[in-house]
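Report on one structure; see the data block that follows.
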Amino acid sequence: MNEAAAGAWAHAFKAARDAAAQGEVPVGACIVRGASVLAAAGNRTLAECDPTAHAEILALRQACRAIGSERLTNCDLYVTLEPCTMCAGAISFARIRRLYFAASDPKGGGIEHGARFFTQPTCHHAPEVYGGIRAAEAGELLREFFRSKRPDS
């Protein structure tokens, strides 16, 4: 793993841990262009009373503001959990070049599971996708969070 990727993962996992500390599902995302971090965010659906405040959506918004464009061509997204279909749609519209995700999400994922958004004929742009990177670490973060919410499980 190169230095830029290691840094992006560090930002994504920090954002996920910060989200968990606020009682949010621990998902973090980071967007980079070259060696520059454009944005990093964790889930904030509870804090913002907004069902669309997923880490990926918040990071996309920050990155777009940072470069002054709705298109994030030549940008890569690192996220600790397989994006849902809503986030996959936003990733496509933003024209993200590469998507890296850690843990798969058999229940809510929209990339390798569920709708498999990028394989649909109505998808206008599909990034290169690399899943399963640091999956064990992301999975443990999620399991620990949900164990703390359901201590009798």
Side-chain angles (χ1 to χ4, degrees), residues 1 4-135 137-139 141-142 145-146:
M1 181 178 310
W9 281 118
H11 283 284
F13 275 96
K14 180 185 182 316
R17 287 189 300 276
D18 290 348
Q22 298 300 313
E24 303 276 0
V25 174
V27 177
C30 180
I31 297 176
V32 297
R33 183 168 57 186
S36 299
V37 173
L38 298 178
N43 274 358
R44 294 188 44 84
T45 60
L46 301 174
E48 296 190 14
C49 299
D50 180 354
T52 69
H54 290 194
E56 301 95 320
I57 299 293
L58 298 175
L60 288 168
R61 289 173 182 163
Q62 286 176 24
C64 287
R65 282 193 300 271
I67 66 167
S69 174
E70 79 284 8
R71 299 283 190 245
L72 297 172
T73 53
N74 297 316
C75 293
D76 300 331
L77 171 62
Y78 293 77
V79 62
T80 60
L81 183 66
E82 176 184 353
C84 71
T85 304
M86 172 186 70
C87 292
I91 290 164
S92 174
F93 284 125
R95 303 299 194 263
I96 288 290
R97 176 179 57 183
R98 293 184 198 105
L99 166 65
Y100 300 91
F101 68 87
S104 292
D105 187 355
K107 290 183 182 178
I111 309 299
E112 292 181 343
H113 299 88
R116 299 175 190 254
F117 185 83
F118 299 138
T119 66
Q120 300 305 311
T122 54
C123 178
H124 297 293
H125 168 79
E128 294 175 34
V129 176
Y130 304 92
I133 303 164
R134 296 179 68 171
E137 181 181 355
L141 184 61
L142 288 159
F145 175 80
F146 286 113

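Positions are given from 1 along the sequence. Not measured: the values here are computed from a predicted model.
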**Message:** For a quick test of reading the model, state the closest non-hydrogen atom pair linking Ala55 to Ala41 and the distance between them.
**Reply:** CB-O, 3.4 Å
**Asked** What's the shortest heavy-atom distance between Asp50 and Arg61, and which atoms?
**Response** OD2-NH1, 4.2 Å
**Message:** Checking Val25 against Leu142 for the side chain to side chain contact (heavy atoms under 4.5 Å, CB included) test, could you report, in this order, the C-alpha distance in whole Å, the side-chain angles of both residues, the deciding distance, and whether it holds?
**Reply:** CA-CA 7 Å; Val25 174; Leu142 288 159; 4.0 Å; yes
**Asked** So, Gln120 side chain and Ala115 main chain: donor-acceptor pair closer than 3.5 Å or not?
**Response** yes
**Request:** State, yes or no, whether a side-chain contact exists between Ile67 and Arg33 at a heavy-atom distance under 4.5 Å.
**Result:** yes
**Separation of His125 NE2 from Arg95 CZ (nearest 0.5 Å)** = 6.5 Å
**Item:** Heavy-atom closest contact (Ala16 atom, Gly28 atom, distance)
**Value:** CB-N, 3.5 Å
**Request:** Decide yes or no on side chain to side chain contact (heavy atoms under 4.5 Å, CB included) for Leu60 and Phe93, but give the supporting numbers first.
**Result:** CA-CA 10 Å; Leu60 288 168; Phe93 284 125; over 6 Å; no
**Message:** I want to check something: taking the side chain as every heavy atom from C-beta on, are Thr45 and Pro51 in contact at a cut-off of under 4.5 Å?
**Reply:** no
**Request:** Measure across Ala135 and Ala102 and return the closest heavy-atom pair with its distance rounded to 0.1 Å.
**Result:** CB-O, 3.5 Å
**Item:** Note, Arg98 side chain near Pro127 side chain (heavy atom, < 4.5 Å)
**Value:** no
**Prompt:** Are any side-chain N or O atoms of Ser69 and backbone N or O atoms of Arg71, one a donor and one an acceptor, separated by less than 3.5 Å?
**Reply:** yes
**Item:** Closest heavy-atom pair and its distance - Ile111, Glu82
**Value:** N-OE2, 3.0 Å
**Prompt:** Shortest non-hydrogen contact from Pro26 to Ala20?
**Reply:** CB-CB, 3.7 Å
**Asked** Going from CG on Leu81 to CG on Asp105, what distance comes out if it is rounded to the nearest 0.5 angstrom?
**Response** 4.5 Å
**Prompt:** Quick check: does any side chain N or O of Glu24 sit under 3.5 Å from a backbone N or O of Ala47, one acting as donor and the other as acceptor?
**Reply:** yes
**Message:** For the OG1 atom of Thr85 and the CZ atom of Arg116, what is their distance to the nearest 0.5 Å?
**Reply:** 11.0 Å
**Request:** Could you name each residue pair satisfying ring-ring contact (aromatic ring centres under 6.0 Å, His included) that touches residues 100-123, not counting sequence neighbours?
**Result:** Tyr78-Tyr100, Tyr100-Tyr130
**Message:** One pair to check against side chain to side chain contact (heavy atoms under 4.5 Å, CB included): Lys14 and His11. What are the steps and the verdict?
**Reply:** CA-CA 5 Å; Lys14 180 185 182 316; His11 283 284; 5.8 Å; no
**Asked** With sequence neighbours excluded, what pairs up with Cys84 under the side-chain contact (heavy atoms from CB on, under 4.5 Å) test?
**Response** His54, Met86, Cys87
**From CG (Asn43) to CG (Asp18), nearest 0.5 Å** = 12.0 Å
**Item:** Inter-residue atom distance Ser36.OG - Leu38.CG, 0.5 Å rounding
**Value:** 6.5 Å
**Asked** Roughly how far, to the nearest 0.5 Å, is the CD atom of Glu112 from the OG1 atom of Thr119?
**Response** 11.0 Å
**Request:** Identify, with sequence neighbours excluded, every residue that meets side-chain contact (heavy atoms from CB on, under 4.5 Å) alongside Ala39.
**Result:** Ala59, Gln62, Ala63
